[in-house]
Amino acid sequence: MSTPVPWGDTKPSWMIGQVKHLGSVTLGKMLQTKDTGQDVLAPYMRAANAQPDGVLSLDDVKKMWFSPSELDDLTLRQGDVVVVEGGQGGFGRAAYVAEDLDGWGFQNSINRIRPNADNDGRFLTYYLIALRATGFIRRYCNIVSMPHLTAEKLAAIPLPLPSGSQQRAIADHLDRETAEIDSLIAAQERFVRRLHERRDGLIEHYVLRGIDPLHVGADSPVPFLPVGRNYEVVLGKMLDAGKEVRPTDKILPYIRAANIQDSGLVLDDVKEMPYSPSEIRRLDLRAGDVLVVEGGSVGTSVVLGKDMPGWSFQKTVNRARPTGEVDPRFLAYTLRIYRDRGIISVLGNKSTIAHFTAEKLRALRVPSPPLGDQRRTADHLDGETAKINKLIAKTQRHMELAKERRIALITAGVTGQIDITKGA
């Protein structure tokens, strides 16, 4: 039987309908921060609580005011399905409510689906997870700017309608199979965390050698000097989109904070803007430059392995260019430890948006052993961290394959491509 579901045919005996045929869809309440006189302050479900892969996370709970009648209408019971209504990163995420949440309501970033009698919310949750993974939800929402999976759109999504006993059999099977996969993924995630800790511990041991950068004494075996003593630090150019391009300007690709990651310089998403001849000379990029994030993931840095003619950098990035006898890799390793230990945050400003300005980078005191020691340390760390990074990448690939297997299993189950329902 040909069907309107995104992947074509389903089990021939299944009817085809829409989400509204399986249960009622209700949008939550707009955020209310003040009591109108007879309201109740109650916890509420919001988009952040519905995590990827059907996970419902209630660790971070917020409260707002509901009238008694609103709380009656917007309850959350065992068997309900919550679906994120809006937001670029999360719209369409679905999670199953496994137990009654007495006294809870839900916000208008959430649609609640309450299955009709004899329908199983777990089956519907798995179906929506599969739909989102295929990209159907994104296409279905016809995104122009901010995407929204409204209650009306959600209710009209096509889906197969196996019997209630078949839904339960499919959900039971997927619960067992996905639990095994999730357990494997969790073990791999723990292994990756230990590898990160091992790598960071190595860097800290060889760079700081037990010295606390915040309490360096006069008897320190290694001098701690301001970065500006051995590096010229320059902040990049302010974004000037919309300004008139002068005839002498050149349009150049530029590096911004998002391009600087722990894994290195990531240039998948590159933007351009005009630079004047003087800016091109002042803000060039050469091998050995250390690029340091100024705003955002402050302190994240990379060392350029080669000259980058025809490139420049934006004001979210500081360039530290060696002027003394130093190894820039040693500085990058130091900045990584300072960032991860919170030292940059302690020394930086305490404003809402952190900025690691050029002035702060110049003044930052870092261990400054002789050049030979810096090179030996950097060479050793390059070799050891490369081994760990390779193992991290291999494990992460296994995790991705497990997640792909999970989605394939769910998709096959909810569309009847594998026969789970014998005897159901």
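Just so it is clear, the structure is predicted and the values come from calculations on it, not from any experiment. Along the sequence shown, the residues carry numbers beginning at 1.
- In summary, R406 and E177 do not engage in a salt bridge, as defined by a charged side-chain N under 4.0 Å from a carboxylate O.
- Residues N119 and Q167 bring a donor and an acceptor atom of their side chains to less than 3.5 Å of each other.
- Using a 4.5 Å cut-off on side-chain heavy atoms (C-beta onward), K153 and H148 make no contact.
- Of the charged side-chain nitrogens involved, none lies within less than 4.0 Å of a carboxylate oxygen, so that K403 and D53 do not count as a salt-bridged pair.
- In plain terms, the two heavy atoms of F91 and R138 that are nearest each other are CE2-NH2, 3.6 Å.
- A heavy-atom distance below 4.5 Å is found between the side chains of R122 and D172.
- Between the side chain of D120 and the backbone N or O of G164 there is no donor-acceptor pair closer than 3.5 Å.
- There is a side-chain donor-acceptor pair under 3.5 Å between D175 and Y126.
- For the pair K29 and F66, the cation sits on the ring face: its NZ or CZ lies under 6.0 Å from the ring centre, inside 45° of the axis.
- Looking only at distances, a side-chain donor or acceptor of S109 sits under 3.5 Å from a matching main-chain atom of A47.
- Counting all heavy atoms, side chain and backbone alike, P158 lies closest to F136 at CD-CZ, 4.3 Å.
- Side-chain contact check for L291 versus L285: some heavy-atom pair is nearer than 4.5 Å.
- Between atom CG of residue L154 and atom CG of residue L128 there is a gap of 6.5 Å, rounded to the nearest 0.5 Å.
- L208 is listed as a side-chain neighbour of P367, based on a closest heavy-atom distance under 4.5 Å.
- The two atoms that bring G310 and L252 nearest to each other are O-CD2, 3.5 Å, heavy atoms only.
- With hydrogens and angles left out, the side-chain atoms of R339 and T300 include a donor and acceptor closer than 3.5 Å.
- Here the shortest heavy-atom pairing between V84 and L149 reads O-CB, 4.2 Å.
- With contacts defined as side-chain heavy-atom distances shorter than 4.5 Å, the pair E85/N108 does not qualify.
- Rounding to the nearest 0.5 Å gives a distance of 11.5 Å between CZ of F313 and CD of E294.
- In this structure, R329 and D327 approach most closely via the heavy-atom pair NH2-OD2, 2.7 Å.
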inquiry  = Please determine whether side-chain hydrogen bond (donor to acceptor under 3.5 Å, both in side chains) holds for the pair Y275 and D284, giving the CA-CA distance in whole Å, both sets of side-chain angles, and the decisive distance to 0.1 Å.
reply    = CA-CA 11 Å; Y275 285 81; D284 64 334; over 6 Å; no

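- Taking 4.5 Å as the limit, every side-chain heavy atom of Q314 sits out of range of all side-chain heavy atoms of K271.
- The six-membered or imidazole ring of Y206 lies near that of H380, with a centre-to-centre distance under 6.0 Å.
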task = Starting from the C-alpha separation in whole Å, work towards a yes-or-no answer on side-chain hydrogen bond (donor to acceptor under 3.5 Å, both in side chains) for H196 and R199.
result = CA-CA 5 Å; H196 279 287; R199 183 184 62 195; 2.7 Å; yes

task = Kindly indicate, with the supporting measurements, whether the criterion side chain to side chain contact (heavy atoms under 4.5 Å, CB included) is fulfilled by L41 and D35.
result = CA-CA 8 Å; L41 189 62; D35 181 6; over 6 Å; no

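- Taking NZ from K34 and CE from M64, the interatomic distance works out to 16.0 Å, rounded to the nearest 0.5 Å.
- R362 places no side-chain N or O within 3.5 Å of a backbone atom of V227 that could act as its donor or acceptor partner.
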task = Before giving the answer on side chain to side chain contact (heavy atoms under 4.5 Å, CB included), spell out for Q107 and L31 the whole-Å C-alpha distance, their side-chain angles and the decisive distance to 0.1 Å.
result = CA-CA 6 Å; Q107 190 199 5; L31 187 63; 4.0 Å; yes

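- Judged by distance alone, the side chain of N49 and the main-chain N or O of S57 form a donor-acceptor pair under 3.5 Å.
- Taken from CG in L361 to NE2 in H355, the straight-line distance is 15.0 Å, to the nearest 0.5 Å.
- Under the 4.5 Å side-chain criterion, counting only non-hydrogen atoms from C-beta, L161 is not in contact with W14.
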inquiry  = Checking V25 against N111 for the side chain to side chain contact (heavy atoms under 4.5 Å, CB included) test, could you report, in this order, the C-alpha distance in whole Å, the side-chain angles of both residues, the deciding distance, and whether it holds?
reply    = CA-CA 7 Å; V25 181; N111 284 302; 4.2 Å; yes

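- In terms of modelled atom types and a separation under 3.5 Å, the side chain of Y96 and the main chain of L56 share no donor-acceptor contact.
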inquiry  = side-chain hydrogen bond (donor to acceptor under 3.5 Å, both in side chains), that's the test. Do Q32 and D39 meet it? Break it down for me.
reply    = CA-CA 10 Å; Q32 179 183 331; D39 294 334; 2.7 Å; yes

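- No salt bridge links R286 with D307; every basic N to acidic carboxylate O contact stays at or beyond 4.0 Å.
- Residues G105 and L76 come closest through the heavy atom pair O-CD1, 3.6 Å.
- With rounding to the nearest 0.5 angstrom, the OG1 atom of T26 is 5.5 Å from the CZ atom of F106.
- A side-chain donor-acceptor contact under 3.5 Å links D100 to the backbone of Q78.
- Among the candidates I260, L335, V302, the single residue satisfying the side chain to side chain contact (heavy atoms under 4.5 Å, CB included) test with V293 is I260.
- The pair D102-R77 does not meet the salt-bridge criterion, since no charged nitrogen lies less than 4.0 angstrom from a carboxylate oxygen.
- Q166 and S163 share a side-chain donor-acceptor pair at under 3.5 Å.
- I157 has its side chain within reach of Y140: a pair of non-hydrogen atoms, C-beta onward, lies under 4.5 Å apart.
- Heavy atoms from other residues, nucleotides or ligands lying under 6.0 Å from CZ of R198 number 12 at most.
- Remark: side-chain polar atoms of E197 are not paired, donor with acceptor, to backbone N or O of R194 under 3.5 angstrom.
- D382 and Y333 share a side-chain donor-acceptor pair at under 3.5 Å.
- Remark: side-chain polar atoms of K237 are paired, donor with acceptor, to backbone N or O of P274 under 3.5 angstrom.
- Interatomic distance, D200 CG to H205 NE2, rounded to the nearest 0.5 Å: 14.5 Å.
- The backbone N or O of T75 sits less than 3.5 Å from a side-chain atom of R112, completing a donor-acceptor pair.
- H21 places a side-chain N or O within 3.5 Å of a backbone atom of Q18 that can act as its donor or acceptor partner.
- The side chain to side chain contact (heavy atoms under 4.5 Å, CB included) with R405 is formed by just one residue from the set I181, L184, I185, I410; it is I181.
- A salt bridge is defined here as a Lys NZ or Arg NE, NH1 or NH2 lying under 4.0 Å from an Asp or Glu carboxylate O, and D60 with R46 meets this definition.
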task = For side chain to side chain contact (heavy atoms under 4.5 Å, CB included), just list the numbers for L159 and L124, CA-CA rounded to whole Å, side-chain angles, deciding distance to a tenth of an Å, and then say yes or no.
result = CA-CA 9 Å; L159 83 169; L124 178 56; 3.9 Å; yes

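- A salt bridge links E404 with R397; the closest basic N to acidic carboxylate O contact falls under 4.0 Å.
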